[in-house]
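Letters go in sequence order (proteins before strands), and every chain restarts at 1. Reckoned from all heavy atoms, side chains included, excluding hydrogens, waters and symmetry mates. Predicted model, so just to flag it, every value in this text is computed and none were measured.
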There are 2 protein chains.
Amino acid sequence: MASQRPGPNLSRIATSLGVSVATVSNALSGKGRVSDALIERIRTHAAELGYVPSQAGRALRTGRSGVLGLVLPDIANPLFPKIAQAIEYAASAAGYGVLIADSRGDITAQTEAINRLVERGVDGMVVVPRRATRISAASCPVAVIDTASTPGNTVAADHWQGGREIAAHLAGLGHKQILIIGNNHESNVQNDRAGGIRAGLQPGMRSETLWIERLENETGAGCRLGLAEKARQGFTAFAALSDLQALHALTELQQEGISVPADVSVTGFDDLIWSPVVTPSLTTVRMDMDTIAEIAVSALVDRINESGTREGVLVTAETERVPMQLIIRQSSGLANPAPKTSEMENL
Amino acid sequence: MASQRPGPNLSRIATSLGVSVATVSNALSGKGRVSDALIERIRTHAAELGYVPSQAGRALRTGRSGVLGLVLPDIANPLFPKIAQAIEYAASAAGYGVLIADSRGDITAQTEAINRLVERGVDGMVVVPRRATRISAASCPVAVIDTASTPGNTVAADHWQGGREIAAHLAGLGHKQILIIGNNHESNVQNDRAGGIRAGLQPGMRSETLWIERLENETGAGCRLGLAEKARQGFTAFAALSDLQALHALTELQQEGISVPADVSVTGFDDLIWSPVVTPSLTTVRMDMDTIAEIAVSALVDRINESGTREGVLVTAETERVPMQLIIRQSSGLANPAPKTSEMENL
DNA sequence: TGCAGTTGATTAAACGATTAAGCGCAGCAC
DNA sequence: GTGCTGCGCTTAATCGTTTAATCAACTGCA
């Protein structure tokens with residue numbers, strides 16, 4: 001009934017070579033005292049038998065599963081591919097597997113997902129919360145990737161600095177009136193980004209912030225934002241707090257016959273998959289997910305290796321903010337001095 | 001040194017109640033013969049102690065890890081969130097965890113990723129290949145989600161039928177000349193979709209297919225597709241084989257001053273996150289990922305439960321094609337009878 | 001030669017669960 | 001009263017690995 005593991009195990013190697021299991025284990029792990037000749041013999045034999053150690057046996061003995069959990073509470077988060085990829089890469093470089101637990105947006109579902117991970121015996125986990133959910137002491141080390149202003153945050157992109165990059169870029173192009181577009185008013189990430197933009201404005205520039213979440217909830221995701229009207233009011237730059245909103249803005253403006261970047265500029269955040277593909281391609285700010293993932297995972301791994309007692313703690317890292325990188329593409333250009341008389345023959 | 005698992009184990013419950021470990025195990029799993037009274041007593045006591053069974057112990061004994069692998073070889077696939085979510089949901093409903101293994105696009109990296117999963121002892125895995133990679137016999141059951149025309153496919157959306165839906169929709173709107181836009185010529189999925197569209201054309205309609213992969217490789221992802229010229233040639237509908245290309249087409253057309261849907265129609269595939277958000281919102285075809293995931297996972301689980309010998313097989317499911325659903329939004333409209341004289345004042 | 005110290009291996013005890021087999025006891029039939 | 005059956009529980013083996021403890025043999029040194 002019970003399915004046998006296919007490959008050879010330590011004891012098969014041991015009997016086949018006429019030595020004890022412990023010796024084989026020591027030879028392969030390089031820990032105990034085994035003669036060099038025997039180590040060599042055992043290693044080659046193990047290799048030609050195609051031996052792979054049983055994670056189950058090892059996990060049982062050591063109390064470590066070699067698996068990290070990844071919790072993404074945000075429904076179908078478009079950043080997911082990048083995050084998952086980066087985390088998986090960093091984890092597997094550190095010898096860990098990654099168990100995902102997507103909790104469809106709900107907060108209780110999130111804690112359930114975390115519990116599932118704990119029950120599966122993960123050694124630690126990476127959580128990317130949407131709101132500042134208190135990930136209080138799951139019974140394993142936890143790394144939080146959100147934003148530096150979130151209490152308990154382990155590491156994150158420097159969203160504030162990213163905002164400043166955008167502001168500086170727009171200032172350099174001569175824009176005076178900037179409309180910031182966000183869709184989640186309670187998101188620490190978006191607030192940091194918006195704050196960074198405002199902090200980066202030069203004297204003589206002003207900004208206004210448009211939170212579209214209520215509009216989206218009432219009228220649906222594809223609602224009109226009324227950006228043409230805003231352009232008529234004198235806004236020449238639309239700085240979205242995410243590429244999704246940037247796309248929303250860009251297409252709405254185009255549909256209204258307003259040319260980007262000739263008439264107005266549009267910028268985003270995150271450098272999502274479509275950013276280089278749309279016309280005009282999107283000027284945005286990229287987070288260095290690989291570095292963030294590496295920092296998070298290594299902080300986690302350090303903690304796991306150091307603490308014998310498997311306590312639940314929020315781990316900390318030396319570098320808390322990873323700089324974001326401005327990607328200048330086509331959607332941002334020199335401020336049009338007379339935005340109202342939008343010429344349709346541009347470009 | 002070895003970190004102790006925090007919670008109680010079977011033997012702690014057993015000694016605490018003065019019974020044997022086996023009895024506790026039987027009581028909790030409901031397998032052996034235990035009196036109802038004792039079962040009750042053990043269950044409540046286990047509950048109040050907060051007992052969670054050790055996956056490691058169980059895995060070692062039963063040879064089953066209770067974990068499925070998910071392999072997504074496609075770099076940063078924008079479908080990833082949906083797939084991962086659906087698979088994770090289906091798997092966790094079936095009592096399984098999901099271990100991800102993203103192999104950054106490379107084929108050798110893909111087999112490495114598969115090996116990593118096998119070494120971690122997954123009981124089975126779901127593979128979504130980009131090209132028809134032969135997933136020949138990893139040493140565990142494998143479910144392939146690609147397209148019905150792929151040999152060895154387990155279950156997939158009925159891309160062909162999805163294509164017919166698009167064709168029928170465009171035919172109903174009076175379109176005669178359809179430009180199909182794809183970016184991967186070797187993709188079974190895209191070929192099926194294109195085939196479905198062509199098969200669904202009414203008499204008097206014609207189609208042409210534009211593969212943009214070479215253009216993308218040479219000129220970058222955001223290259224000009226020259227769609228305005230195509231519109232001038234008389235094409236009134238642009239049927240992209242993925243929402244990403246649809247977005248590419250939509251924004252390029254808008255930028256050129258061609259109005260969608262007044263002048264031409266644009267349709268996509270997959271109903272990705274931005275489809276409802278862009279202006280005009282995108283008419284597309286949605287795959288029922290939840291159903292697909294459920295079928296794949298349950299086929300996998302059936303296979304796992306039935307085969308004792310852990311052999312590596314491509315599992316099959318009863319339902320191989322899951323119908324796609326046409327989502328009509330704003331980007332498709334009645335065919336403009338005189339596309340050449342595109343009036344700029346539309347809308 | 002005798003003794004301490006090192007080397008290279010073995011022995012055995014875990015880790016936590018599952019499960020086949022066994023055992024005492026009651027009830028029942030002959 | 002004996003034999004049989006079924007119930008309720010225990011005993012014990014097992015999965016594969018790690019690792020502390022042990023031990024034999026050999027070395028160097030007095």
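- The closest side-chain heavy-atom distance from A:Y51 to A:I13 is below 4.5 Å.
- In this structure, B:L60 places its CG atom 13 Å from P of C:dT19, rounding to the nearest Å.
- Residues of residues 14-39 of chain A having a heavy atom closer than 4.0 Å to DNA chain D, listed by number: A:A22, A:S25, A:N26, A:K31.
- Rounded to whole angstrom, the span from the CZ atom of B:R58 across to the P atom of C:dC15 amounts to 18 Å.
- Side chain of B:R61, nearest nucleotide from D:dT14, D:dT17, C:dC15: D:dT14.
- To the nearest angstrom, P of C:dA9 lies 14 Å from CD of A:E40.
- Look at A:E88 and B:R116 and you find a salt bridge, because one of the NZ, NE, NH1 or NH2 atoms lies within 4.0 Å of a carboxylate O, short of that distance.
- In this model, no donor atom of one side chain and acceptor atom of the other lie less than 3.5 Å apart for A:N188 and A:T147.
- In this structure, the CG atom of A:L10 is 16 Å from the C1' atom of C:dT11, given to the nearest Å.
- Spacing between atom CD of A:Q55 and atom C1' of C:dA17 amounts to 18 Å, rounded to whole angstrom units.
- Remark: A:D288 engages no residue in a salt bridge (charged side-chain N to carboxylate O under 4.0 Å, His left out) (not counting sequence neighbours).
- No side-chain donor from either of B:T108 and B:T111 sits under 3.5 Å from a side-chain acceptor of the other.
- Atom CZ of A:R41 is separated from atom P of C:dG8 by 14 Å (rounded to the nearest Å).
- Residues A:E320 and A:A148 come closest through the heavy atom pair OE2-O, 3.7 Å.
- One interatomic measurement links the two molecules: OH of A:Y51 to P of D:dT17, which rounds to 3 Å at whole-angstrom precision.
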